[in-house]
Number of protein chains: 2
Amino acid sequence: MTTYHHGNLRAALLRAGMKVIEKKGIRRLSVREAARRARVSHNAPYRHFPDRQSLLAGIAAEGFARLGEALKTSSGKAMGEAYVRFALEHPEVFRLMFGGTIRMGDHPPLREAADRAYQSLVDRFRAHGSEAEANVAAAAAWSLVHGLSHLLLDGHFQAPQRDAGGAAPFARQVLEAVRYSIGAQRSA
Amino acid sequence: MTTYHHGNLRAALLRAGMKVIEKKGIRRLSVREAARRARVSHNAPYRHFPDRQSLLAGIAAEGFARLGEALKTSSGKAMGEAYVRFALEHPEVFRLMFGGTIRMGDHPPLREAADRAYQSLVDRFRAHGSEAEANVAAAAAWSLVHGLSHLLLDGHFQAPQRDAGGAAPFARQVLEAVRYSIGAQRSA
DNA sequence: ACCTGAACACCGTTCAAGT
DNA sequence: ACCTGAACACCGTTCAAGT
């Protein structure tokens with residue numbers, strides 16, 4: 001029974017941090033709070049993360065890994081809905097990943113995690129046309145599902161849409177509408 | 001020469017706050033910093049805003065007003081690009097408006113400001129089909145430009161795209177691609 | 001190496017008091 | 001009404017020290 005914490009304080013801090021963020025929001029996760037939950041001094045986290053931003057970056061990277069999984073395990077047509085579902089089910093982590101709290105430039109492993117998740121999406125477009133066309137198509141698809149996720153989370157769609165029965169069905173409508181549009185173009 | 005500040009401390013705080021946010025980011029705007037810039041005690045702002053969130057909400061509302069202006073004064077086809085341009089030119093204010101820092105539900109004037117801005121966008125779709133169809137089309141368009149703005153700000157598009165010559169031309173490509181798609185559907 | 005306690009310069013917010 | 005200074009309970013981060 002060592003006087004130290006345990007084998008993997010880093011992992012414990014990430015787990016604790018993720019939990020706080022999901023339950024109380026990003027602003028409420030302090031380094032000191034993560035330390036408390038991991039039962040170490042307010043100071044121990046600095047052995048594993050140089051600053052609060054890096055702790056947040058670690059949690060965001062874990063978020064990208066989970067998003068990538070969700071995308072990979074969804075069949076082609078359902079990928080857009082899987083993306084939106086991830087955002088709606090993990091709103092605070094999604095905001096951490098994309099809310100500008102952390103700058104990817106400062107955290108290379110975060111950028112790599114994000115790129116891997118995006119690859120799951122781009123790969124589905126490789127079949128269509130030139131590389132440049134695939135890039136544009138993937139960017140458009142990502143933009144659509146990403147913007148839709150954000151706007152739904154922020155509550156920007158009003159009564160007429162919500163009355164239709166909640167966020168998810170509305171999201172499906174929007175995605176279907178655009179899917180048909182793109183299909184029309186392709187076959188033309 | 002009164003011992004008080006001046007006629008409109010509220011406006012002065014909003015102006016100072018906007019400036020700090022644009023220059024240093026949201027995290028760096030404290031109530032105390034806004035007070036300092038307006039040359040009042042750290043406590044005076046609480047006469048005009050119940051808490052920090054409300055100060056931020058006031059600044060965000062001003063941001064929505066400006067975005068609405070930018071959209072209204074842009075001609076139909078250029079509106080999407082105007083939206084992206086606003087985001088790229090005012091990244092920190094854009095993040096404040098849409099980054100989840102403030103919950104619109106807690107600040108009715110903010111929601112109203114946001115709705116007015118959205119109306120500038122929805123109005124352009126009124127001509128097309130039923131009300132429900134217009135709603136879905138507007139939501140799709142908003143999602144696209146909004147997601148594209150966010151992803152560009154976060155730096156998620158990689159070398160091949162950026163090499164083409166920067167964010168704005170890439171944005172134009174993506175928007176054009178989808179515009180053609182939707183045009184194809186309409187005429188089919 | 002990994003952890004701790006004390007210390008510093010900040011916060012947001014509340015309160016009692018001044019004009 | 002509008003403003004001020006003191007006070008409280010937090011922060012992130014640094015430092016000197018313990019095992």
Side-chain angles (χ1 to χ4, degrees), chain A residues 1-21 23-60 92 95-96 99-103 106-107 110, chain B residues 1-21 23-60 92 95-96 99-103 106-107 110:
Chain A
M1 187 191 278
T2 164
T3 158
Y4 289 175
H5 175 253
H6 37 42
N8 206 338
L9 177 54
R10 184 192 153 88
L13 290 167
L14 289 177
R15 223 173 22 245
M18 177 79 83
K19 210 176 288 179
V20 172
I21 285 177
K23 278 202 297 206
K24 308 194 178 177
I26 300 163
R27 286 204 70 229
R28 300 286 284 273
L29 175 61
S30 60
V31 174
R32 289 163 107 111
E33 172 73 11
R36 252 176 252 126
R37 303 226 169 197
R39 309 200 159 277
V40 292
S41 86
H42 68 266
N43 218 318
Y46 288 91
R47 291 296 127 193
H48 300 276
F49 302 97
D51 52 26
R52 179 176 185 266
Q53 293 298 306
S54 301
L55 171 59
L56 292 177
I59 297 168
E92 292 295 335
R95 283 191 210 284
L96 173 64
T101 311
I102 0 171
R103 280 180 300 281
D106 302 340
H107 305 278
L110 177 58
Chain B
M1 188 191 278
T2 163
T3 158
Y4 288 174
H5 175 252
H6 37 40
N8 205 338
L9 177 55
R10 185 193 152 86
L13 290 168
L14 287 178
R15 223 172 22 243
M18 177 79 83
K19 210 175 290 181
V20 173
I21 285 177
K23 276 202 297 205
K24 307 193 179 180
I26 300 163
R27 287 204 70 229
R28 300 284 285 271
L29 175 61
S30 61
V31 175
R32 289 164 108 112
E33 172 73 10
R36 252 176 253 128
R37 304 225 168 197
R39 309 198 157 278
V40 292
S41 84
H42 68 266
N43 218 318
Y46 288 91
R47 291 296 126 193
H48 300 277
F49 302 97
D51 52 28
R52 179 175 184 266
Q53 293 298 306
S54 301
L55 172 60
L56 291 176
I59 297 168
E92 292 295 335
R95 284 191 209 284
L96 173 65
T101 311
I102 358 169
R103 280 180 299 281
D106 302 341
H107 305 277
L110 176 58

So, OP1 or OP2 of [N]: does either fall under 4.0 Å of a side-chain N or O from [X]?
{"X": "B:Arg27", "N": "D:dC11", "answer": "no"}
{"X": "A:Ser41", "N": "C:dG5", "answer": "no"}
{"X": "B:Arg47", "N": "D:dC2", "answer": "no"}

Check: C:dT13 base within 3.5 Å donor-acceptor of B:Asn43 side chain
no
Reported [atom1]-to-[atom2] distance for the pair [X] and [Y], which is rounded to 0.5 angstrom:
{"X": "A:Ile59", "Y": "A:Phe49", "atom1": "CD1", "atom2": "CZ", "value": "7.5 Å"}
{"X": "B:Ile26", "Y": "B:Leu96", "atom1": "CD1", "atom2": "CG", "value": "4.5 Å"}
{"X": "A:Lys19", "Y": "A:Leu14", "atom1": "NZ", "atom2": "CG", "value": "12.5 Å"}
{"X": "B:Lys23", "Y": "B:Ile21", "atom1": "NZ", "atom2": "CD1", "value": "12.5 Å"}

Rounded to the Å, how far apart are [X] [atom1] and [N] [atom2]?
{"X": "B:His42", "N": "D:dG5", "atom1": "NE2", "atom2": "C1'", "answer": "7 Å"}
{"X": "A:Tyr46", "N": "D:dC11", "atom1": "OH", "atom2": "P", "answer": "11 Å"}
{"X": "B:Arg52", "N": "C:dC10", "atom1": "CZ", "atom2": "P", "answer": "16 Å"}
{"X": "B:Leu13", "N": "C:dG12", "atom1": "CG", "atom2": "C1'", "answer": "15 Å"}
{"X": "A:Asp51", "N": "D:dT13", "atom1": "CG", "atom2": "P", "answer": "5 Å"}
{"X": "B:Arg28", "N": "D:dG12", "atom1": "CZ", "atom2": "P", "answer": "15 Å"}
{"X": "B:Arg39", "N": "D:dC3", "atom1": "CZ", "atom2": "P", "answer": "15 Å"}
{"X": "A:Glu33", "N": "D:dC11", "atom1": "CD", "atom2": "P", "answer": "7 Å"}

4.5 Å side-chain heavy-atom contact, B:Glu33 and B:Val20:
yes
So A:Arg103 and A:Gln53, do their side chains get closer than 4.5 Å, heavy atoms only?
no
Just call it for B:Arg32: base, sugar-phosphate, or nothing, with non-hydrogen atoms closer than 4.0 Å on any strand.
base
Let me have DNA chain C in dot-bracket notation, would you? Count Watson-Crick plus G-U wobble pairs, both distances under 3.5 Å, and use [ ] for pairs crossing earlier ones and | for inter-strand partners.
||.|||||...|||||.||
Side chain of B:Arg52, backbone of B:Leu29: donor and acceptor closer than 3.5 Å?
yes
Whichever of B:His48 and A:Arg36 has its nearest DNA chain D nucleotide further upstream toward 5'
B:His48
